[in-house]
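Written out below as structure tokens is the structure these notes cover.
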Amino acid sequence: MEVTEVHWISRRVVFMLLAVTAQAQVNPETCRYPLGMSGGQIQDEDISASSQWSESTAARFGRLDLDNGDGDGAWCPDIMSEPDALKEYLQVDLRSLHFITLVGTQGRHADGMGNEFAQRYRIKYSRDGSSWVGWHDRKGGQVIEGNKNAYDVVLKDLEPPIIARYVRFMPVTDHSMTVCMRVELYGCEWLDGLMSYSLPDGHLMIYRGLDVYFNDSVYDGAVAERLTKGLGQLTDGTAGLDDFLHSHVYGMWAGYDYVGWSNKSFPKGYVEMIFEFDHVRNFTSMKVHCSNMFSRGVRMFKQASCYFRSGSDWEADPVTFRPNVDRESQTARFVIVPLGDRTASVIKCRFHFGDLWMLFSEVAFQSGSTVYNTSLSPHMQGAPRNTPPGDDPTHKVDDSNTRILIGCLVAIIAILLTIIVIILWRQVWQKMLEKASRRLLDDELTARLAVQTRAFASLHSSLSSDTDSSSNSTYERIFPLCADYQEPSRLIRKLPEFAQFTGQTLVSCASDSAPHYAAADIISLQESSDGGASVTAASMNLFADSSMREFPRDKLSFKEKLGEGQFGEVHLCEAEDMLDFLEEELSVEQNRESPLLVAVKMLREDANKNARNDFLKEIRIMSRLRDPNIVRLLAVCVDTDPLCMITEYMENGDLNQFLCSLRLKEAFEEEKMNVEEKEQKGIVSFSTLISMAVQIASGMKYLSSLNFVHRDLATRNCLVGKNCTIKIADFGMSRNLYRGDYYRIQGRAVLPIRWMSWESILLGKFTMASDVWAFGVTMWEILTLCKDQPYSHLSDEQVIENTGEFFRDQGKQVYLPKPHRCPDRLYNDLMLSCWRRNAKQRPSFQEIHTQLMDSLA
């Protein structure tokens with residue numbers, strides 16, 4: 001009898017110890033540590049924004065309680081926020097999943113010089129960086145009340161809390177106003193690694209005339225008969241009360257804390273749940289908080305069968321567990337399901353009913369990689385760095401030898417990685433010491449993506465520079481230069497004294513030295529070998545045989561500024577007597593007596609000698625171009641400063657903005673509207689879009705026939721005239737509207753990486769084939785009506801990483817998706833062919849133009 005009693009007591013003690021450890025994975029009441037915005041643990045590169053007002057109000061300054069001596073100490077978007085537009089955001093990347101319970105915001109005061117703050121804002125979050133969810137409170141409200149002034153910090157509890165890696169703060173205003181924000185996130189690391197769970201939607205219980213709802217009301221995934229791809233009440237850190245008719249949250253309906261099901265809806269007698277994790281883990285146990293109020297027909301499950309999957313197929317042998325049935329106590333409790341150290345990234349569990357109803361309020365997992373991830377987390381793991389492990393309420397206590405084993409494994413891995421890095425580094429240097437004169441095939445080149453390394457090496461550096469310079473970017477070139485390598489920042493290479501252009505004859509350059517047509521940012525060229533020629537003399541020599549005439553400045557009336565760049569500005573002007581000045585007919589329908597609208601690109605008076613030479617040489621290039629689909633240079637003003645070039649102005653603006661205001665005509669609308677009705681309703685047909693692409697292909701075919709490389713082909717650099725006439729231009733980069741389309745390399749250069757081919761980004765090769773790649777992206781823009789930026793789901797760094805996948809060619813590269821209503825043949829045979837890895841296999845613009853014309857027939 002005594003032995004039996006001792007055995008029973010020991011079992012009760014074990015059960016009590018397990019119950020103590022069987023708490024929720026996180027406790028929302030204690031999981032409130034700052035995650036590193038104010039403390040600096042979150043790095044600058046992990047803070048981004050949709051735009052910025054100025055360099056001093058960039059995203060990196062959006063840290064709570066941070067006053068930068070050089071700036072204003074806050075993030076401010078580039079444009080004024082519109083009411084409920086939600087276009088502007090400040091994004092924080094926590095590098096790993098975190099349980100976030102609290103947010104703090106503050107405005108910008110700039111030591112009394114500013115008074116901008118966000119009175120209201122919304123929050124969006126994501127666990128994988130692609131699927132974004134808008135946060136809402138337990139009653140459906142989405143707007144969070146923010147700051148009343150620019151100084152005070154306002155903290156707001158997130159009820160319910162969120163589990164996310166990426167968080168966006170999106171200011172909301174009642175009227176157009178300038179806002180600035182400084183933010184902080186509070187919480188702790190989400191050690192479970194659970195990305196989503198899938199289960200049937202909860203049922204309605206009618207208890208003594210009272211409606212009791214057991215649905216998952218805060219689930220953030222897809223909600224239908226079955227909930228998928230989300231997290232909710234089962235992971236909010238709050239276990240339900242013993243009496244499921246009451247709730248922890250004041251004012252909520254009966255049954256709010258629980259998700260529950262009736263066995264009448266499940267003929268097989270069980271509820272199936274699927275849990276997906278961030279990576280493969282070694283699972284030791286699962287904790288399920290259940291109601292056991294059997295007097296009301298509710299009892300904890302009688303059996304759990306869990307299946308495991310690491311790849312594509314489920315393992316055949318499940319883990320089955322039968323808990324002890326408690327017929328005495330009706331208290332809710334955690335039931336620990338041992339998982340036998342099984343390895344998986346997805347777990348499917350079937351919970352069998354023990355009575356009429358089964359109610360769950362929390363599910364948590366213990367896995368071997370939890371402690372491992374905690375030790376290697378890049379940011380503060382939910383607690384201050386000086387907090388002892390025993391004082392951290394989120395730290396998992398482990399007095400076994402697991403930590404020693406993990407420490408040894410980490411040390412071994414570190415040693416192996418060091419050896420590998422040394423070996424690779426020696427191989428890299430051996431390759432760099434090889435003679436650069438030997439032409440390497442593309443498949444023999446080696447490129448490596450890295451963070452904060454010396455980048456682009458010779459990119460955007462002067463050919464005649466006396467000193468070496470270096471910059472930080474997202475990758476490092478670790479291979480010898482090819483013989484056909486072209487500097488991206490060069491308009492013309494190896495064209496001494498511009499001798500190719502003499503008289504009225506245009507001599508095509510070799511591919512190695514193809515000039516860059518219409519580079520919008522004015523950049524340095526190789527200076528002449530004599531080095532002593534003055535700018536005035538250079539301009540005189542440049543125009544000695546040119547057909548460009550000097551237009552009287554007093555006949556130009558400036559109307560508005562269209563954009564500006566580092567060295568120049570673009571203005572809309574009225575040119576008086578321009579048609580008579582040209583003594584020829586332009587393709588414009590306008591009275592000769594009225595001024596002609598023109599675009600004037602003007603060099604700033606303080607521009608240096610190299611910039612002036614570049615400007616004059618660009619005029620020389622454009623003066624030779626004559627094509628219906630290329631913007632024409634009409635005249636120049638170069639006798640005095642500032643230097644100006646006068647080009648055609650297209651009344652409908654650039655193609656990007658033109659298409660954004662339209663919608664694609666559906667098939668059922670094809671014959672129902674006349675032309676006037678279509679224009680009024682902003683509808684465009686698919687054939688019209690293809691016609692636009694045909695015109696761009698025609699203009700590029702002309703440029704390629706002259707062996708010109710554009711290097712920045714995109715819808716923003718195409719202008720629209722009457723009757724959807726398209727002409728290729730070069731003003732896009734100078735417009736603030738499109739700053740987000742360019743990737744800045746430490747302030748030295750800007751590159752349109754989302755339109756660039758992989759070899760242009762990684763190898764600096766700009767050819768006709770790289771223009772073909774950009775045409776494919778431009779065509780994708782046209783067919784999607786420019787509603788999204790190319791690769792909008794990827795960050796700039798991820799776009800560069802994707803080009804590395806094109807280089808490696810292991811089938812992991814990501815392509816732009818097929819646009820709506822785009823025929824498979826057009827997408828597969830034309831667009832995808834423009835993005836082929838081998839540049840020689842891409843079609844020519846002649847072939848592209850022919851294929852598009854055939855599709856219109």
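Along the sequence shown, the residues carry numbers beginning at 1.
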Exercise. What heavy-atom pair brings Cys290 and Tyr258 nearest, and what distance separates the two atoms?
Worked result: C-CE2, 4.4 Å
Exercise. Quick check: are there more than 12 heavy atoms from other residues, nucleotides or ligands sitting under 6.0 Å from CZ of Arg226?
Worked result: yes
Problem set entry | Donor-acceptor contact present, side-chain Gln330 to main-chain Ser295, <3.5 Å | yes
Exercise. Heavy atoms, side chains only, cut-off 4.5 Å: are Tyr186 and Val103 in contact?
Worked result: no
Exercise. Do the two ring centres, one from Phe301 and one from Tyr270, sit under 6.0 Å apart?
Worked result: no
For this session: Taking the side chain as every heavy atom from C-beta outward, state whether Leu794 and Val799 have any pair of such atoms under 4.5 Å apart.
Result: yes
Problem set entry | Between Phe266 and His352, ring centroids under 6.0 Å | no
For this session: Report, as yes or no, whether the 6.0 Å neighbourhood of atom NZ on Lys302 holds more than 12 heavy atoms from other residues, nucleotides or ligands.
Result: no
For this session: With the side chain counted from C-beta on, respond yes when Lys348 and Met273 share a heavy-atom pair under 4.5 Å apart, and no when they do not.
Result: no
Problem set entry | Residues Lys287, Asp192: salt bridge by 4.0 Å N-O rule | no
For this session: Say whether, by atom type as modelled, one donor and one acceptor occur between the side chain of His136 and the main chain of Gly141 under 3.5 angstrom.
Result: no
For this session: Go through the side-chain N and O atoms of Tyr125 and Asp220 and say whether any donor and acceptor fall under 3.5 Å apart.
Result: yes
Exercise. Are more than 12 heavy atoms from other residues, nucleotides or ligands located less than 6.0 Å from atom CG of Leu417?
Worked result: yes
Problem set entry | Audit row: Asp46, Arg60, salt bridge (charged side-chain N to carboxylate O under 4.0 Å, His left out) steps and yes/no | CA-CA 8 Å; Asp46 295 327; Arg60 64 181 182 276; over 6 Å; no
For this session: For residues Thr238 and His248, report the shortest heavy-atom separation together with the two atoms involved.
Result: CG2-CD2, 3.4 Å
Problem set entry | Steps toward side-chain contact (heavy atoms from CB on, under 4.5 Å) verdict (Leu158, Trp135) | CA-CA 9 Å; Leu158 294 182; Trp135 176 87; 4.0 Å; yes
For this session: Answer with yes or no after comparing the ring centroid distance for Phe214 and Tyr256 against a 6.0 Å cut-off, counting only values under it.
Result: no
Exercise. In terms of ring plane angle, is the pair Tyr121 and Phe169 parallel, tilted or perpendicular, where the classes change at 30° and 60°?
Worked result: tilted
Problem set entry | Derivation and outcome, salt bridge (charged side-chain N to carboxylate O under 4.0 Å, His left out), residues Lys812 and Glu805 | CA-CA 6 Å; Lys812 298 180 180 180; Glu805 296 298 342; 5.6 Å; no
For this session: Using atom types as modelled and distance alone, determine if a side-chain donor or acceptor of Arg127 lies under 3.5 Å from a backbone N or O of Ile163.
Result: yes
Exercise. Are side-chain heavy atoms of His98 and Leu35 found at a separation under 4.5 Å?
Worked result: yes
Exercise. Mind checking whether Met358 and Asn263 have side chains closer than 4.5 Å, heavy atoms only?
Worked result: no
Exercise. Would you find more than 12 non-hydrogen atoms of other residues, nucleotides or ligands less than 6.0 Å from Lys229 atom NZ?
Worked result: no
For this session: Check whether any side-chain heavy atom of Val212 lies under 4.5 Å from a side-chain heavy atom of Ile206, and answer yes or no.
Result: no
Exercise. Judged by atom type as modelled, is there a donor-acceptor pair below 3.5 Å linking the side chain of Asp243 to the main-chain atoms of His246?
Worked result: no
For this session: Can you see which heavy atom on Gly240 is nearest to which on His289, and at what distance?
Result: O-CE1, 3.3 Å
For this session: Let me see the working for Arg165 and Asp278 under salt bridge (charged side-chain N to carboxylate O under 4.0 Å, His left out), right down to the final yes or no.
Result: CA-CA 11 Å; Arg165 170 179 171 176; Asp278 52 357; over 6 Å; no
Exercise. For the ring pair Tyr219 and Tyr197, is the centre-to-centre distance below 6.0 Å?
Worked result: yes
Problem set entry | Thr228 side-chain N/O to Gly221 backbone N/O, donor-acceptor pair under 3.5 Å | no
For this session: Could you tell me whether the side chain of Met300 reaches within less than 4.5 Å of the side chain of Pro323, counting heavy atoms only?
Result: yes
Problem set entry | Ser285 OG to Ile336 CD1 distance, which is reported to the nearest 0.5 Å | 6.0 Å
Exercise. Checking Ser126 side chain against Ser131 main chain: does a donor-acceptor pair fall under 3.5 Å?
Worked result: yes
Exercise. Does Gln233 use its side chain to pair, donor to acceptor, with the backbone of Ser217 at less than 3.5 Å?
Worked result: yes
Exercise. Do side-chain atoms of Trp190 reach the backbone of Met195 as a donor and acceptor pair under 3.5 angstrom?
Worked result: no
For this session: Determine whether Trp314 and Phe308 make a side-chain contact, defined as any pair of heavy atoms from C-beta on separated by less than 4.5 Å.
Result: no
Exercise. Counting only N and O atoms by type, is there a donor-acceptor contact under 3.5 Å from the side chain of Asp242 to the main-chain atoms of Ala332?
Worked result: yes
For this session: Considering non-hydrogen atoms only, spot the tightest contact between Tyr307 and Arg350 and give its length.
Result: OH-NH1, 3.7 Å
For this session: Step through it carefully: locate the ring centre of Phe244, locate the ring centre of Trp357, and say whether they are under 6.0 Å apart.
Result: no
Exercise. Under the 3.5 angstrom rule, does the side chain of Arg168 hit a backbone N or O of Arg122 as a donor-acceptor pair?
Worked result: no
Problem set entry | Pair Asp44 + Arg63, salt bridge at N-O below 4.0 Å | yes
